[in-house]
Participant: 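Here's a structure for you.
These numbers were taken from a predicted model, which means no experiment stands behind them. Hydrogens, waters and symmetry mates are skipped; everything else that's a heavy atom, side chains included, is used. Residue numbers start at 1 and run along the sequence shown.
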Amino acid sequence: MPGQPAAGWTAAAMTAGAVSLLCLAAWKGSVGVLDHHRYAQWDMEWNQVEPRWSKRLPD
């Protein structure tokens with residue numbers, strides 16, 4: 001059957017593309033979650049440090 005090898009390659013290409021997109025989405029999602037936590041930590045630390053730094057600035 002001449003159509004079956006093409007169907008196999010098409011299925012393999014679609015599977016590879018879907019797995020790649022899934023990995024990309026997982027990576028972007030995890031980066032977003034980690035950035036959110038890093039920014040929250042930075043904001044908390046900045047709220048502690050900023051008042052001390054503000055005293056050093058000229059009025």
Side-chain angles (χ1 to χ4, degrees):
M1 302 230 136
Q4 288 179 348
W9 282 107
T10 302
M14 290 178 65
T15 301
V19 168
S20 298
L21 288 175
L22 181 63
C23 290
L24 179 65
W27 179 69
K28 288 287 192 176
S30 61
V31 166
V33 169
L34 290 172
D35 281 347
H36 175 76
H37 288 290
R38 279 190 284 257
Y39 291 144
Q41 181 70 28
W42 183 85
D43 192 40
M44 184 182 72
E45 291 174 2
W46 180 248
N47 286 335
Q48 294 172 356
V49 171
E50 190 269 334
R52 290 182 280 182
W53 279 25
S54 296
K55 291 178 184 175
R56 295 182 193 167
L57 296 175
D59 291 324

Participant: Can you confirm whether more than 12 heavy atoms, excluding those of M14, are under 6.0 Å from its CE atom?
Facilitator: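 Not buried by this count: 12 neighbours or fewer within 6.0 Å.
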Participant: Please check if atom CH2 in W9 has more than 12 non-hydrogen atoms from other residues, nucleotides or ligands closer than 6.0 Å.
Facilitator: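 Not buried by this count: 12 neighbours or fewer within 6.0 Å.
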Participant: Looking at D43 and Y39, would you say the former's side chain and the latter's main chain have a donor-acceptor pair under 3.5 Å?
Facilitator: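 No, because the side chain of D43 does not come within donor-acceptor range (under 3.5 Å) of the backbone of Y39.
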Participant: If hydrophobic clusters are built from ILVMFWY residues whose side chains come within less than 4.5 Å, do V19 and L24 share one?
Facilitator: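 No, because V19 and L24 fall into different hydrophobic clusters, even though each may have its own neighbours under 4.5 Å.
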